[in-house]
Trainee: 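I am attaching a structure below and will ask some questions about it afterwards.
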Amino acid sequence: MNDTDFEEFAKAIAGLAELYGQRLTSKKVTLFFEACRELSLAQVVEAVKRRMRSERFFPSPVELFEALYGTFEDQAMMAWGDVLWAVTHCGASRPVKFADYRIHFSLEHMGGWPRVALAVKEGQGWALKDFKMWYVFALKRGVSPDEVRPYLPGNGPIPYGVTAQDIEAHAQVVLAQEGTYLRRMGLN
C-alpha cells in the first residue's frame with residue numbers, strides 16, 4: 001500500500017474494530033497501516049473478511065498476514081510440496097531451480113539436493129522435520145535470493161567444459177505452488 005490507501009485502510013480497520021467492540025486511536029491505525037504496508041489494499045480487505053469469519057478477537061497485524069499466508073509452518077509445508085514434486089519428477093541426478101529461493105537455502109543446509117532427494121525417496125522422516133526447521137528459519141531471517149545459489153546441482157555426471165551458466169540453463173525449474181486458500185509469502 002502507499003499513502004493514498006491510508007483512508008480506505010482506516011475504514012476497513014475501523015469496521016473490523018467496530019465488529020469486535022474495539023476503540024481505535026489514530027496512532028493505533030497509523031501503526032497498523034505501517035505494519036501492513038507491504039500488503040495491497042485488496043489483500044488487507046481480504047484478510048479482514050477472513051478474520052471476521054473465523055476469529056473471535058480483534059487481530060494484530062501478524063494475524064492479518066496469517067489470514068493470507070498462514071503461519072511460517074504452513075509456508076514450509078507448501079514449500080515441501082514443491083520439494084516432493086521435484087523428487088518425483090526430477091530425481092536426484094538433475095540440477096533443479098526452485099522458484100522459491102528459500103527452498104534452496106533449506107536444502108543446502110540439509111546437505112544438498114541429492115542427499116535430501118534420496119532421503120525423501122527412502123522415506124526418511126528427518127528430511128521433512130529438518131526442512132521445516134530450515135525453511136522457517138529462512139523466513140524469520142529474511143533470506144534473500146542473493147544469498148543462495150541460482151540452482152541446486154544434482155549428483156549426475158557433468159560433461160567436461162560445461163560452465164555453471166550451462167548447468168543453470170538446463171536445470172529443471174520447479175514453480176512455487178500455492179494452496180487453495182493460502183498464498184506463498186514474498187514470491188512474485
Side-chain angles (χ1 to χ4, degrees), residues 1 31-40 43-44 46-47 50-51 54-55 57 59-156 164-165 167-168 171-188:
M1 291 183 292
L31 290 171
F32 219 105
F33 180 77
E34 289 303 321
C36 295
R37 190 178 276 276
E38 70 184 62
L39 299 175
S40 70
Q43 288 176 313
V44 169
E46 182 181 342
R50 287 182 182 184
R51 289 294 300 187
S54 65
E55 301 298 328
F57 303 103
S60 67
V62 168
E63 291 166 323
L64 285 186
F65 276 87
E66 286 179 353
L68 292 172
Y69 300 113
T71 63
F72 286 161
E73 288 77 14
D74 295 333
Q75 288 289 310
M77 289 308 296
M78 284 193 292
W80 182 247
D82 296 347
V83 173
L84 295 179
W85 186 94
V87 167
T88 304
H89 292 87
C90 305
S93 62
R94 288 190 68 187
V96 292
K97 181 177 185 171
F98 289 92
D100 184 347
Y101 55 90
R102 293 168 299 235
I103 294 174
H104 289 216
F105 177 86
S106 304
L107 297 178
E108 286 178 337
H109 282 83
M110 293 170 63
W113 168 241
R115 180 173 187 253
V116 175
L118 181 62
V120 169
K121 281 191 175 204
E122 292 177 351
Q124 296 179 13
W126 67 266
L128 172 58
K129 180 178 154 283
D130 284 10
F131 180 82
K132 282 171 52 177
M133 178 193 68
W134 282 110
Y135 192 89
V136 167
F137 178 76
L139 284 169
K140 288 181 178 179
R141 193 178 134 231
V143 169
S144 74
D146 298 332
E147 297 178 59
V148 298
R149 289 183 187 188
Y151 68 91
L152 296 172
N155 62 1
Q165 290 80 11
I167 296 171
E168 181 181 357
Q172 173 69 46
V173 175
V174 180
L175 301 176
Q177 302 299 315
E178 292 197 346
T180 315
Y181 188 68
L182 298 175
R183 295 186 173 107
R184 292 292 280 275
M185 192 178 289
L187 300 177
N188 295 335

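Predicted model, so just to flag it, every value in this text is computed and none were measured.
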Trainee: Do Val143 and Phe137 make a side-chain contact, defined as non-hydrogen atoms from C-beta onward lying under 4.5 Å apart?
Mentor: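 The answer is no, as the side chains (C-beta and beyond) never meet within the 4.5 Å cut-off.
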Trainee: Mind checking what makes ring-ring contact (aromatic ring centres under 6.0 Å, His included) contact with Phe33, not counting sequence neighbours?
Mentor: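 Phe33: ring-ring contact (aromatic ring centres under 6.0 Å, His included) contacts with Phe6, Phe9.
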Trainee: Report the distance from atom CE of Met77 to atom CG of Leu128, rounding to the nearest 0.5 Å.
Mentor: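 Taking CE in Met77 and CG in Leu128, the distance rounds to 5.0 Å.
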Trainee: For the residue pair Gln124 and Leu118, establish whether any side-chain heavy-atom pair is separated by less than 4.5 Å.
Mentor: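 Gln124 vs Leu118: side chains apart.
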Trainee: Taking only residues two or more places apart in sequence, or in another chain, which ones meet Glu122 in a salt bridge (charged side-chain N to carboxylate O under 4.0 Å, His left out)?
Mentor: none
Trainee: How close do Tyr69 and Gln43 get, counting heavy atoms only, and between which atoms?
Mentor: OH-NE2, 3.5 Å
Trainee: Looking only at atom types and distance, does a side-chain atom of Glu73 sit under 3.5 Å from a main-chain N or O of Val136, one as donor and one as acceptor?
Mentor: no
Trainee: Residues two or more places apart in sequence or in another chain: which of them pass side chain to side chain donor-acceptor pair (under 3.5 Å) with His109?
Mentor: none
Trainee: Once you round to the nearest 0.5 Å, how far does OH of Tyr101 lie from OG of Ser144?
Mentor: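 Answer for the OH-OG pair, Tyr101 versus Ser144, is 7.0 Å.
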Trainee: Measuring from Leu84:CG to His89:NE2, what's the distance to the nearest 0.5 Å?
Mentor: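 If I round to the nearest 0.5 Å, the distance is 11.0 Å.
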Trainee: What are the two closest heavy atoms between Gly154 and Pro114, and how far apart are they?
Mentor: C-CG, 3.7 Å
Trainee: Give, for atom CD of Glu66 and atom CD of Gln75, the distance between the pair rounded to the nearest 0.5 Å.
Mentor: 10.5 Å
Trainee: Could you list the residues that satisfy salt bridge (charged side-chain N to carboxylate O under 4.0 Å, His left out) with Arg149, not counting sequence neighbours?
Mentor: Glu108
Trainee: State, with a plain yes or no, whether a side-chain heavy atom of Cys36 is found less than 4.5 Å away from one of Leu39.
Mentor: yes
Trainee: Looking at Ala99 and Leu175, what are the two nearest heavy atoms and their distance?
Mentor: CB-CA, 4.0 Å
Trainee: Looking only at heavy atoms, which two atoms of Arg115 and Trp126 are closest? And how far apart?
Mentor: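 Nearest pair, atom of Arg115 first, then Trp126: NH1-CH2, 3.4 Å.
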Trainee: Any side-chain heavy atom of Val173 sitting closer than 4.5 Å to one from Phe98?
Mentor: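 They are not in contact (no side-chain heavy atoms under 4.5 Å apart), so the answer is no.
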Trainee: Side chains of Lys97 and Leu152: does their closest heavy-atom pair fall under 4.5 Å?
Mentor: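 Not in contact.
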Trainee: Could you tell me if the side chain of Cys90 sits less than 4.5 Å from the side chain of Trp85, heavy atoms only?
Mentor: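 Of all side-chain heavy-atom pairs linking Cys90 with Trp85, at least one is under 4.5 Å.
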Trainee: Could you state the interatomic distance from CE (Met110) to CZ (Phe105), rounded to the nearest 0.5 Å?
Mentor: 12.0 Å
Trainee: Taking all non-hydrogen atoms of both residues, which atom of Leu64 and which atom of Ala47 are closest, and how far apart?
Mentor: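 Shortest heavy-atom separation between Leu64 and Ala47 comes out as O-CB, 3.5 Å.
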Trainee: If a pair satisfies salt bridge (Lys or Arg N to Asp or Glu O under 4.0 Å) and one of its residues is in residues 125-148, list it, with sequence neighbours excluded.
Mentor: Arg141-Glu147
Trainee: To the nearest 0.5 Å, what is the distance between CD1 on Ile103 and CH2 on Trp113?
Mentor: 9.5 Å
Trainee: List for me each residue that meets side chain to side chain donor-acceptor pair (under 3.5 Å) alongside Glu34, sequence neighbours excluded, and say none if there are none.
Mentor: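 Partners of Glu34 under the side chain to side chain donor-acceptor pair (under 3.5 Å) test: Arg37.
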Trainee: Between Arg102 and Tyr135 (side chain of the first, backbone of the second, donor and acceptor by atom type, cut-off under 3.5 Å), is there such a pair?
Mentor: no
Trainee: Would you please classify the geometry between the Phe131 ring and the Trp80 ring as parallel, tilted or perpendicular, with 30° and 60° separating the classes?
Mentor: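 Correct class here is tilted.
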